[in-house]
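Presented below is the structure to which this report refers.
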Amino acid sequence: MSSNSIIDGNATISRNEMTNLTRSTPPTRERNAIWYTTVILLVIIIILATAGNLMVLAAMRIERGLRERYFIGCLAVADLLIGVFFCPLRLYEYEVGITSLHLCRFYMWINIFLASASIYTLTWISCDRYLKISKPLRYNVIMTQKKSKIVISIIWMISTAYATNGSFDMYVSPYGCSNDNDLFYTVSMIIAFFVPTAIALIMYTRILLVANRRRKRARRGELGKTSQFTNHPSSFYKDLKNIRMMAIVIGAFVLCWGPFFIMNFFYRHNQALIKTFKNEQSHNLTAFILPPFNSVCNPIIYACFDKRFRVAFKRLFTRLWR
């Protein structure tokens, strides 16, 4: 899913011609204000994504109340790996250009693997939150810690298989890592972004409907004295706050990755249309800055919307400064 290969690829040149051309003339970029700005922003993203997600994982380890959040931990690991592996490779591709086939395939593999793991985790979180709000009394029986770990393992295995399959047919061109298989990219974008995003949006819509219906029934006294809402209203509203936080997380994912996938989708099927948007500024923003910036957003969202994360972060800062 390389942004350069999709936006800048030239299907009229054969693969062998592209490979030979790359060996003789590695891709270079004009070092203007846009180039320096993009490089600086990528370096900042690397630092913030790595530090922020390390703090999330450390907070979940030292704070007992956060340890059950396996899915947030799974998402934090994916975001951390984006800061440690993917962003440096993206910076290298942008500044120098990738000329090694093996590095190209690894770059594509880590790209597809981490993006898939993130969106599949977010999709499952939306389903998990719907189960939590719709079946509050049975949730702890249905979704045990063991089952949560199994789900996470399945997510990582699917992402691994998907990334491995997607990295096989890559080759090096003057425009970066490329793949001429339009069908593969179309199916990939649908499976890896559009369908999971649609499922997550449907789940959060159903969550809002269930929560609104339950509040109305509780006000009319239809739930009775044994309902969770009547006996533990604070727990119910706490669940809603957690759901709101995760809805904001997936909203940030859609805003950061959506333009990238939408532009790539239109490019594959209507190159004349995408030329309207094809300029250095929009390409740098949608391909190099916004997608990895999503890994910076999540720790900030946790700190702003979850009191337990705020307390954990404060304790971490206190320990670091001692």
Side-chain angles (χ1 to χ4, degrees), residues 1-11 13-31 35-36 38-47 49-50 53 77-119 156-182 184-185 188-189 192 257 260-261 264 267-268 280 283-284 286-296:
M1 291 183 191
S2 171
S3 52
N4 270 5
S5 62
I6 301 175
I7 298 295
D8 293 331
N10 188 344
I13 303 176
S14 69
R15 179 177 302 191
N16 291 333
E17 289 173 340
M18 281 189 170
T19 302
N20 293 333
L21 182 59
T22 302
R23 291 172 179 172
S24 59
T25 57
T28 58
R29 295 179 183 271
E30 180 183 355
R31 300 200 173 191
W35 184 91
Y36 285 108
T38 303
V39 169
I40 292 172
L41 288 175
L42 282 173
V43 171
I44 293 174
I45 289 173
I46 290 172
I47 296 172
T50 303
N53 288 286
V77 170
D79 288 335
L80 175 63
L81 293 177
I82 286 176
V84 172
F85 291 106
F86 175 67
C87 286
L89 284 172
R90 173 142 290 189
L91 180 61
Y92 179 82
E93 179 198 26
Y94 183 76
E95 184 176 0
V96 180
I98 294 178
T99 58
S100 167
L101 178 60
H102 296 295
L103 183 59
C104 171
R105 286 177 173 170
F106 176 73
Y107 175 50
M108 288 299 99
W109 187 91
I110 201 73
N111 185 353
I112 299 172
F113 172 69
L114 296 178
S116 302
S118 295
I119 187 58
W156 287 104
M157 286 190 293
I158 292 175
S159 300
T160 301
Y162 182 44
T164 302
N165 178 68
S167 62
F168 275 137
D169 200 29
M170 305 305 301
Y171 65 96
V172 181
S173 77
Y175 310 101
C177 297
S178 301
N179 187 328
D180 292 336
N181 192 337
D182 289 344
F184 168 77
Y185 274 109
S188 297
M189 286 183 279
W257 283 91
F260 169 74
F261 280 101
N264 289 343
Y267 175 78
R268 286 287 166 178
E280 191 72 15
H283 178 244
N284 283 9
T286 58
F288 288 99
I289 303 302
L290 276 179
F293 179 71
N294 179 245
S295 300
V296 179

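All values derive from a computational prediction rather than experimental measurement. The residues of the chain are indexed from 1 along the displayed sequence.
- Counting all heavy atoms, side chain and backbone alike, Gly83 lies closest to Ala49 at CA-CB, 4.1 Å.
- Exactly one residue among Val84, Asp79, Val296 makes a side-chain contact (heavy atoms from CB on, under 4.5 Å) with Thr50. That residue is Val84.
- Relative orientation of the Trp109 and Phe113 rings is parallel, given thresholds of 30° and 60° on the angle between their planes.
- Between the Ser116 side chain and the Ser159 main chain, no donor and acceptor come within less than 3.5 Å of each other.
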Could you please spell out the steps behind the side chain to side chain contact (heavy atoms under 4.5 Å, CB included) verdict for Tyr94 and Val39? CA-CA 8 Å; Tyr94 183 76; Val39 169; 4.0 Å; yes
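- We find the CZ-CG distance between Phe85 and Leu80 to be 9.0 Å, quoted to the nearest 0.5 Å.
- Under the 3.5 Å distance criterion, with hydrogens and angles disregarded, a donor-acceptor pair is assigned to the side chains of Tyr162 and Ser188.
- Listed here is the closest heavy atom pair of Ile46 and Pro88: CD1-N, 3.8 Å.
- Between Tyr92 and Tyr107, the ring center distance fails the sub-6.0 Å criterion.
- Residues Leu91 and Val43 share a closest heavy-atom pair of CD2-CG2, 4.0 Å.
- Of all heavy-atom pairs between Ser167 and Arg105, the closest is O-CG, 3.4 Å.
- From Ile45, atom CD1 reaches atom CG of Leu290 across 8.5 Å, with rounding to the nearest 0.5 Å.
- For the atom pair Ile112 CD1 and Thr160 OG1, the distance stands at 12.0 Å (nearest 0.5 Å).
- Of the inter-residue distances, the one linking Leu42 atom CG with Glu93 atom CD reads 10.0 Å to the nearest 0.5 angstrom.
- Although no hydrogens or angles enter the test, the distance criterion places a donor-acceptor pair under 3.5 Å between the side chain of Asn53 and the main chain of Ser295.
- Distance SG/Cys87 to CG/Leu114: 9.5 Å, rounded to 0.5 Å.
- Side-chain contact between Asn111 and Arg90 is present, with at least one heavy-atom pair separated by less than 4.5 Å.
- The environment of CZ in Phe106 is crowded: more than 12 heavy-atom neighbours from other residues, nucleotides or ligands sit within 6.0 Å.
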